[in-house]
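Only one structure is covered here, and it is reproduced in the block below.
Positions are given from 1, in the same order as the sequence printed here. In this text, all values refer to a predicted model and were calculated from it rather than measured experimentally.
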Amino acid sequence: MANGKDPLTQLKDLAQLKDQLEDIQKRVENEVQIGIPQGGSLLASPFLKGFLAGYVVAKLRASAVLGVALGTLTGIYTAQTYQVPNIETTIKDYLNSLKKGPNN
């Protein structure tokens, strides 16, 4: 008996190691199929990135999304219907008047 084990126990150990090796090989093949680069981590996989992006979008409350959409549509309507001043030039003019000082 080598190493103090009988041949039947050694054979069972070898069969278990073979099963573990086949399991590892299947997992590596699956990782390659879903796009995890060899030597890379799960965090680098495009599958996980897409899943996380979808999760974040799903967690957004519907009221927040509807609020942004309603605000955008209201802004477009207002800008097309009324004469809204250009905010950028208004702020620049105001800052320039502050730099010049009071008109005395």
Side-chain angles (χ1 to χ4, degrees):
M1 286 191 225
N3 297 333
K5 291 187 176 181
D6 63 338
L8 185 59
T9 306
Q10 288 179 345
L11 188 59
K12 287 180 182 178
D13 289 345
L14 285 174
Q16 184 181 10
L17 289 174
K18 180 183 175 234
D19 290 341
Q20 288 176 352
L21 183 61
E22 288 174 351
D23 182 51
I24 291 171
Q25 183 179 4
K26 287 179 186 176
R27 287 192 323 205
V28 168
E29 288 172 357
N30 288 339
E31 288 176 357
V32 168
Q33 277 185 335
I34 63 172
I36 300 176
Q38 289 299 310
S41 69
L42 181 63
L43 296 176
S45 75
F47 171 76
L48 183 65
K49 289 177 184 175
F51 175 78
L52 290 175
Y55 180 79
V56 168
V57 169
K59 283 298 179 180
L60 285 176
R61 296 177 186 244
S63 62
V65 174
L66 290 175
V68 170
L70 185 61
T72 302
L73 292 175
T74 304
I76 291 171
Y77 172 77
T78 305
Q80 290 178 350
T81 306
Y82 303 102
Q83 288 186 343
V84 180
N86 187 344
I87 296 173
E88 181 182 3
T89 56
T90 304
I91 291 175
K92 283 183 180 180
D93 292 342
Y94 177 73
L95 291 176
N96 285 335
S97 69
L98 289 178
K99 288 179 185 177
K100 292 179 183 175
N103 294 330
N104 289 347

Taking a hydrophobic cluster as the set of Ile, Leu, Val, Met, Phe, Trp and Tyr residues connected by side-chain heavy atoms closer than 4.5 Å, whether directly or through intermediates, do L21 and L14 fall within one such cluster?
->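 Cluster IDs for L21 and L14 differ.
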Under the 3.5 angstrom rule, does the side chain of T78 hit a backbone N or O of G75 as a donor-acceptor pair?
-> no
Polar side-chain atom of N96 near backbone of K92 as donor-acceptor pair, under 3.5 Å |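 Yes, N96 side chain to K92 backbone: donor-acceptor pair under 3.5 Å.
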K26/E22 salt bridge by N-O under 4.0 Å criterion =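 Here E22 does not pair with K26 in a salt bridge, since their nearest N and O are not under 4.0 Å apart.
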Side chains of T9 and D6: is there a donor and an acceptor less than 3.5 Å apart?
->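 Result is yes, a qualifying pair exists.
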From T89, L95, D93, residue fulfilling side chain to side chain contact (heavy atoms under 4.5 Å, CB included) relative to I91 = L95
R27 vs D23 side-chain heavy atoms within contact, under 4.5 Å | yes
